[in-house]
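First listed ligand is number 1; within each ligand, the first listed atom is number 1.
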Amino acid sequence: MKHDADILIVGGGLNGPCLALALAQAGISSMIIDALPQEARGSDTFDGRSYAVALASTRMLDALGLWETLHANAQPILEIKASDGRAGEGPAPWFLHFDHAEIEEGPMGHMLQDRFLRQALLQAIDDAPLITHLPGARVIAQGVGTVTLEDRRSLSGRMLVGADGRSSGTAERAGIKRTGWNYGQTALVCAISHERPHHGIAHQFFMPPGPLAILPLPGNRSSIVWSETHAMAARIAAMDDADYLDVLRPRFGDFLGDIGLAGKRHSYPLSLTIANAFVAPRLALVGDAAHGVHPIAGQGLNLGLRDVAALAQVLTDAKRRGEDIAASDVLARYQTWRRFDTATLAVATDAFNRLFSNDNPLLRAGRDIGMGLVGAMPVLRRGFMRQAAGLTGDLPRLMQGRAL
Ligand SMILES: Cc1cc2nc3c(=O)[nH]c(=O)nc-3n(C[C@H](O)[C@H](O)[C@H](O)COP(=O)(O)OP(=O)(O)OC[C@H]3O[C@@H](n4cnc5c(N)ncnc54)[C@H](O)[C@@H]3O)c2cc1C
């Protein structure tokens with residue numbers, strides 16, 4: 001049977017294009033279908049969104065030929081400081097300090113603005129002969145290896161990949177149920193300009209309603225992910241810029257001098273959502289379509305890139321062995337590889353958020369002592385740093401910086 005491409009990828013956000021680029025290296029063709037027009041996904045104005053991209057993910061972006069372009073605009077994360085805090089009080093005396101100089105691999109990760117990542121991906125998929133890109137095309141129905149678009153066009157491939165985000169229609173149409181819950185928190189996200197340099201240091205303040213992450217961007221700017229209860233976040237989001245900054249200042253502190261807004265403000269209600277299966281007949285899920293986790297550890301995209309690297313490796317190895325790449329036993333290898341890792345990270349970020357997002361004096365004292373202890377033990381500290389850098393576990397070849 002003649003197919004439109006080997007793989008139909010529903011979703012051209014971040015993980016979908018990375019998968020297409022990886023598969024192209026192995027001679028596997030793909031078609032990326034995304035409901036949004038190209039202009040909406042490739043705007044070059046800074047809208048305030050950024051990602052903490054772990055070292056293993058930057059190795060993968062390098063193996064996909066993207067890092068050389070991205071590197072010039074990325075900010076290395078040289079140190080991480082994490083502490084308890086309350087608005088107006090500044091950080092508690094016990095804090096955790098991770099310095100990249102303690103591990104030989106280099107910076108634990110880089111901060112990357114969303115616009116640069118999306119532009120680099122769109123350019124790369126347009127340049128790749130084995131990738132077809134259908135922007136502005138919404139999938140409304142699917143069969144085994146087939147999709148139907150809103151304009152009634154039908155497309156077929158040897159298999160489908162759902163890279164269509166947290167509310168994955170691909171998973172739903174395949175009958176895959178999800179497990180998860182709402183955190184009762186909303187993340188307020190924006191970029192901040194400040195008077196003093198950040199020296200590549202990322203800060204995490206654990207406030208009672210939720211964490212406040214201050215992540216370094218190039219120049220005197222930082223990206224913030226500020227979690228509040230839904231009600232409080234809605235009130236803050238409705239404020240004008242001046243009032244918004246007045247609420248942020250006592251939480252942020254004055255260690256970087258005065259602050260201002262540098263881009264648009266965003267709000268994301270936070271929830272945990274994991275697909276009960278990552279595969280179905282001739283179908284696999286990657287990225288947020290498979291799992292959406294709390295941003296407390298900045299691992300959502302990194303987790304998705306691990307899916308992409310693992311799936312690309314499983315399919316490539318199957319192709320080299322002459323197997324049907326979409327056979328159920330091939331896809332089962334992908335699911336076995338990724339489900340455990342995902343569940344572990346989801347449980348860890350969930351527990352971490354529950355432990356730190358409250359003002360119980362006993363828990364507060366306990367976690368301050370815990371942070372002091374970890375800080376005093378170099379072996380544990382280095383273990384945390386390698387974890388944050390994405391260097392632990394069964395790493396796919398692309399994440400080791402090796403060819404597929
Ligand atoms: C506040 C916050 C902060 C974060 N910070 C970090 C961080 O620092 N580091 C990190 O690693 N991760 C972070 N994340 C997580 C990261 O943003 C996500 O994991 C990542 O964006 C998911 O990418 P994706 O490609 O899987 O899905 P998406 O980016 O959601 O893309 C899905 C695509 O599918 C398309 N689509 C949907 N339905 C259809 C359809 N029917 N037909 C065609 N197309 C369709 C959509 O148009 C969209 O383009 C953060 C998340 C939040 C909420």
Tell me whether D34 has any N or O atom under 3.5 angstrom from an N or O of ligand 1. yes
Atom indices of ligand 1 within 4.0 angstrom of N302 heavy atoms, with elements: 11 (O)
So, W337 side chain and D394 main chain: donor-acceptor pair closer than 3.5 Å or not? yes
Among all protein heavy atoms, pick out the one at the shortest distance from atom 31 (O) of ligand 1; state its residue, atom name and that distance to 0.1 Å. G13 CA, 3.5 Å
Atoms in ligand 1 flagged as close to G300, the criterion being non-hydrogen separation under 4.0 Å: 10 (C), 11 (O), 12 (N), 15 (C), 19 (O)
Filtering D288, D307, T170 for the heavy atom nearest atom 19 (O) of ligand 1 leaves D288
Quick note on ligand 1: atoms under 4.0 Å from a heavy atom of R138 include exactly 41 (N), 42 (N)
Structural part of Q299 in contact with ligand 1, heavy atom criterion under 4.0 angstrom: backbone
Is there a polar contact, in the sense of an N or O pair closer than 3.5 Å, between A35 and ligand 1? yes
Using modelled atom types only, decide if a donor and an acceptor are shared between the side chain of Q204 and the backbone of I214 within a distance under 3.5 Å. no
Assess whether atom CZ of F340 is packed by more than 12 heavy atoms of other residues, nucleotides or ligands within 6.0 Å. no
Considering only heavy atoms, which of I9, D164, L112 lies nearest to atom 38 (N) of ligand 1? D164
Should L301 be counted as touching ligand 1, given the test is an N or O pair under 3.5 Å? yes
Are any of the side-chain nitrogens in R382 or E105 under 4.0 Å away from the carboxylate oxygens of its partner? no
Subset of ligand 1 atoms that lie under 4.0 Å from at least one heavy atom of L36: 47 (O)
When you measure from atom 30 (O) of ligand 1 to each heavy atom in S227, G165, G390, which option holds the nearest one? G165
How far does CE of M108 sit from CD1 of I103, to the nearest 0.5 angstrom? 6.0 Å
Assign the ring pair H291 / F278 to parallel, tilted or perpendicular, where the plane angle (0 to 90°) is split at 30° and 60°. tilted
Is A52 close to ligand 1, meaning an N/O of one under 3.5 Å from an N/O of the other? yes
Protein heavy atom under 4.0 Å of atom 51 (C) of ligand 1: no
Charged N to carboxylate O below 4.0 Å: is that the case for D62 and R59? no
Is there a donor in the side chain of H230 and an acceptor in the side chain of T186, or the other way round, less than 3.5 Å apart? yes
Identify the protein heavy atom lying closest to atom 24 (P) of ligand 1, giving its residue, its atom name and the separation to 0.1 Å. N15 ND2, 3.4 Å
Return the closest protein heavy atom for atom 6 (C) of ligand 1 as residue, atom name and distance. Y51 CD2, 4.0 Å
Would I32 and T132 count as a side-chain contact (heavy atoms from CB on, under 4.5 Å) here? Give the steps. CA-CA 6 Å; I32 301 173; T132 316; over 6 Å; no
Charged N-O contact under 4.0 Å between R282 and D324: yes
At what distance is the nearest protein heavy atom to atom 21 (O) of ligand 1, and which residue and atom is it? L14 CD1, 3.6 Å
Short N-O contact, R333 and E323, less than 4.0 angstrom: yes
Which of the numbered atoms in ligand 1 are under 4.0 angstrom from any heavy atom belonging to A187? 1 (C)
Judging by distance only, is a nitrogen or oxygen of G11 under 3.5 angstrom from one on ligand 1? no
State whether D317 and R321 are salt-bridged, where the test is any N-O pair (Lys NZ or Arg NE/NH1/NH2 against Asp/Glu carboxylate O) under 4.0 Å. no
Which part of Y268 is near ligand 1, with near meaning a heavy atom under 4.0 Å away: side chain, backbone, both or neither? side chain
Check whether any N or O atom of S50, backbone or side chain, sits under 3.5 Å from an N or O atom of ligand 1, and answer yes or no. no
Which part of A137 is near ligand 1, with near meaning a heavy atom under 4.0 Å away: side chain, backbone, both or neither? backbone
Is it the side chain, the backbone, both or neither of P295 that has a heavy atom closer than 4.0 Å to ligand 1? side chain
Taking the six-membered ring of Y244 as reference, does the cationic atom of R265 (NZ for Lys, CZ for Arg) lie under 6.0 Å from its centre and within 45° of its axis? yes
For V189, the atoms of ligand 1 under 4.0 Å from one of its heavy atoms are 1 (C)
Under 30°, 30 to 60°, or over 60°: which ring-plane class applies to H194 and F252, parallel, tilted or perpendicular? tilted
Give the atoms of ligand 1, by number and element, whose distance to some non-hydrogen atom of I33 is under 4.0 Å. 43 (C), 44 (N)
V139 N/O under 3.5 Å from ligand 1 N/O: yes
Between H97 and E79, a side-chain donor and acceptor under 3.5 Å: yes
Just checking, any donor-acceptor pair under 3.5 angstrom between side chains of S271 and N182? no
So which bit of A163 gets within less than 4.0 Å of ligand 1, heavy atoms only: side chain, backbone, both or neither? backbone
Before signing off on this row, confirm whether G287 and ligand 1 have an N or O atom pair separated by under 3.5 Å. no
Tell me: protein heavy atom nearest atom 9 (N) of ligand 1, and distance? G298 O, 3.0 Å
Should the pair R249-D254 be classified as a salt bridge under the 4.0 Å nitrogen-to-oxygen rule? no
